[in-house]
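This report concerns only the one structure given below.
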Amino acid sequence: MKTLRAYIAEAKRDKKAIGHFNFSNIEGLWAIAHGAQNVGVPVIVGVSEGEERAIGINEAVAMVRSIRSNLKIPIFLNADHHYSVDNVKKCIDAGYDSVIFDGAKLSLEENIEKSRECVEYAHKSLHDVIVEVELGYIGQSSKVLDGVPEGVSLENLTKVEDAQKLMKETGADMLAPAVGNIHGMMKGGVDPSLDINRIREIAKATDTPLVLHGGSGNDADFEEAIRSGICVVHINTELRKAYTEGVKKYMAENPEDVAPYKYGEAGKLSMQKVVEEKLKVFSRIK
Ligand code: G3H
Ligand code: ZN
């Protein structure tokens with residue numbers, strides 16, 4: 001099986017993107033694995049620090065490896081938005097395929113210093129761990145001020161020169177820029193448009209595979225963003241919503257049922273549908 005690094009290089013060359021989907025229980029992981037298996041494309045599953053506490057670091061590695069070898073599908077595990085260098089190192093030691101050191105809230109100098117420490121540690125590890133770094137402040141839909149998500153302002157977007165400096169001085173493998181994207185989803189399901197020009201300029205200046213965070217609510221911009229240099233797209237909120245709606249519908253129809261594997265399956269199928277739709281868009285499969 002090819003490495004994650006090879007799949008990312010292919011995505012960059014072919015101007016396609018790999019889907020990155022978060023999970024916080026086994027049904028979610030199966031929804032993503034079966035979705036990717038049906039569509040026939042590689043996939044990245046991610047756990048944030050919070051999701052990781054619910055699952056367990058070693059357990060996440062064991063489950064993903066087991067699915068990879070039993071289903072024979074290219075499924076990779078990522079440590080999503082890890083803010084502490086120690087946590088990043090724990091994930092690398094445990095066998096994650098990739099890690100994100102999120103130093104976006106730090107000064108550029110401190111971000112460079114800590115990102116570099118993660119990169120050196122990851123690249124020395126036995127298996128070739130990919131490191132993604134972050135720059136600029138990605139807004140949040142949960143904090144909407146006067147109709148505008150908090151954090152979305154010109155000064156918070158990633159500057160091309162800073163991105164170049166961060167990538168050059170850390171040797172990181174991927175970059176998550178702030179390009180008008182927000183974590184979460186606006187009420188109504190449509191987020192503000194992305195700054196496609198900025199994506200293009202950062203991709204050109206850094207020659208680095210770019211990662212789009214906060215993908216929920218950005219359907220209208222995916223095609224252009226992927227053609228402009230986005231190689232991985234993160235989706236979480238839309239999956240959580242689909243899972244929960246699936247469970248609620250099942251419970252409304254079967255109010256006496258208390259078997260978690262039954263309502264969990266309803267959540268899983270509803271989530272899997274979204275995974276498959278997104279993967280087809282990211283890989284340009286009609
Ligand atoms: O890292 C995770 C994501 O960026 C997901 O963002 O919940 O807006 O899809 P989202
Ligand atoms: Zn994110």
Side-chain angles (χ1 to χ4, degrees), residues 17-24 28-29 31-32 35 43-55 60 76-83 87-88 91 96-105 111 115 130-144 148-152 156-158 172 174-194 199 209-222 225-226 230-245 270-279 281-282:
I18 301 172
H20 173 294
F21 305 105
N22 292 70
F23 69 101
S24 48
L29 180 56
I32 303 164
V43 75
I44 305 171
V45 292
V47 281
S48 64
E49 287 180 329
E51 289 161 338
E52 189 173 270
R53 279 193 289 278
I55 299 215
F76 301 98
L77 177 63
N78 176 49
D80 192 21
H81 295 289
H82 276 46
Y83 301 94
N87 274 356
V88 164
C91 294
Y96 279 53
D97 301 290
S98 61
V99 292
I100 303 181
F101 173 69
D102 184 346
K105 286 197 181 126
N111 192 356
S115 296
I130 302 279
V131 180
E132 176 183 332
V133 292
E134 286 211 28
L135 187 63
Y137 184 62
I138 294 171
Q140 286 181 42
S141 65
S142 54
K143 297 183 187 160
V144 178
V148 179
E150 180 257 354
V152 177
N156 283 339
L157 300 186
T158 304
M174 300 205 285
L175 171 67
V179 287
N181 41 336
I182 57 168
H183 278 124
M185 194 163 52
M186 300 290 281
K187 280 201 180 73
V190 181
D191 285 357
S193 311
L194 302 175
I199 294 175
L210 301 183
V211 180
L212 180 69
H213 281 257
S216 297
N218 280 112
D219 286 353
D221 282 334
F222 284 146
I226 292 167
I230 294 294
C231 302
V232 174
V233 181
H234 280 232
I235 307 276
N236 195 359
T237 306
E238 279 189 60
L239 299 188
R240 289 177 171 183
K241 213 167 154 255
Y243 179 85
T244 306
E245 278 165 6
S270 167
M271 179 167 162
Q272 185 177 330
K273 199 163 162 275
V274 180
V275 169
E276 293 186 17
E277 284 163 6
K278 300 293 178 198
L279 285 175
V281 172
F282 300 160

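Read the numbers this way: they start at 1 and go in the same order the structure lists the ligands and their atoms.
The side chain to side chain contact (heavy atoms under 4.5 Å, CB included) search around Asn111 returns Phe101, Leu106, Ser115, Leu135, Leu166, not counting sequence neighbours.
The distance from the OG1 atom of Thr158 to the CD1 atom of Ile138 is 7.5 Å, given to the nearest 0.5 Å. Within the model, atoms CD1 of Ile32 and CD of Glu276 stand 12.0 Å from one another, a figure rounded to the nearest 0.5 Å. In this structure, CE on Met271 lies 13.0 Å from CD on Glu245, to the nearest 0.5 angstrom. One distance of note links OG of Ser216 with CD of Glu238; it measures 4.5 Å at 0.5 Å rounding.
When each of Asp221, Asn218, Asp219 is paired with Asp191, the side-chain contact (heavy atoms from CB on, under 4.5 Å) condition holds for Asn218 and for no other.
In His81, the N, O or S atom that comes nearest to the Zn ion (ligand 2) is NE2. Closest N/O/S atom of His213 to the Zn ion (ligand 2): ND1.
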One pair per line, please: each N/O atom of ligand 1 matched with every protein N/O atom under 3.5 Å away, atom names first, then the distance to 0.1 Å.
| residue | atom | partner | partner atom | Å |
| --- | --- | --- | --- | --- |
| ligand 1 | 1 (O) | Asp80 | OD1 | 3.2 |
| ligand 1 | 1 (O) | Asp80 | OD2 | 2.6 |
| ligand 1 | 1 (O) | His81 | NE2 | 3.1 |
| ligand 1 | 1 (O) | His213 | ND1 | 3.3 |
| ligand 1 | 1 (O) | His234 | ND1 | 3.0 |
| ligand 1 | 4 (O) | His183 | NE2 | 3.0 |
| ligand 1 | 4 (O) | His213 | ND1 | 3.2 |
| ligand 1 | 4 (O) | Gly214 | N | 2.7 |
| ligand 1 | 6 (O) | Gly214 | N | 3.3 |
| ligand 1 | 7 (O) | Thr237 | N | 2.9 |
| ligand 1 | 7 (O) | Thr237 | OG1 | 2.5 |
| ligand 1 | 8 (O) | Gly184 | N | 2.8 |
| ligand 1 | 8 (O) | Gly184 | O | 3.3 |
| ligand 1 | 9 (O) | Ser216 | N | 3.1 |
| ligand 1 | 9 (O) | Ser216 | OG | 2.5 |
| ligand 1 | 9 (O) | Asn236 | N | 2.9 |

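At a cut-off of 2.8 Å, His234 does not coordinate the Zn ion (ligand 2) through any N, O or S atom.
Between the side chains of His20 and Glu132, no donor-acceptor pair is found at a separation under 3.5 Å.
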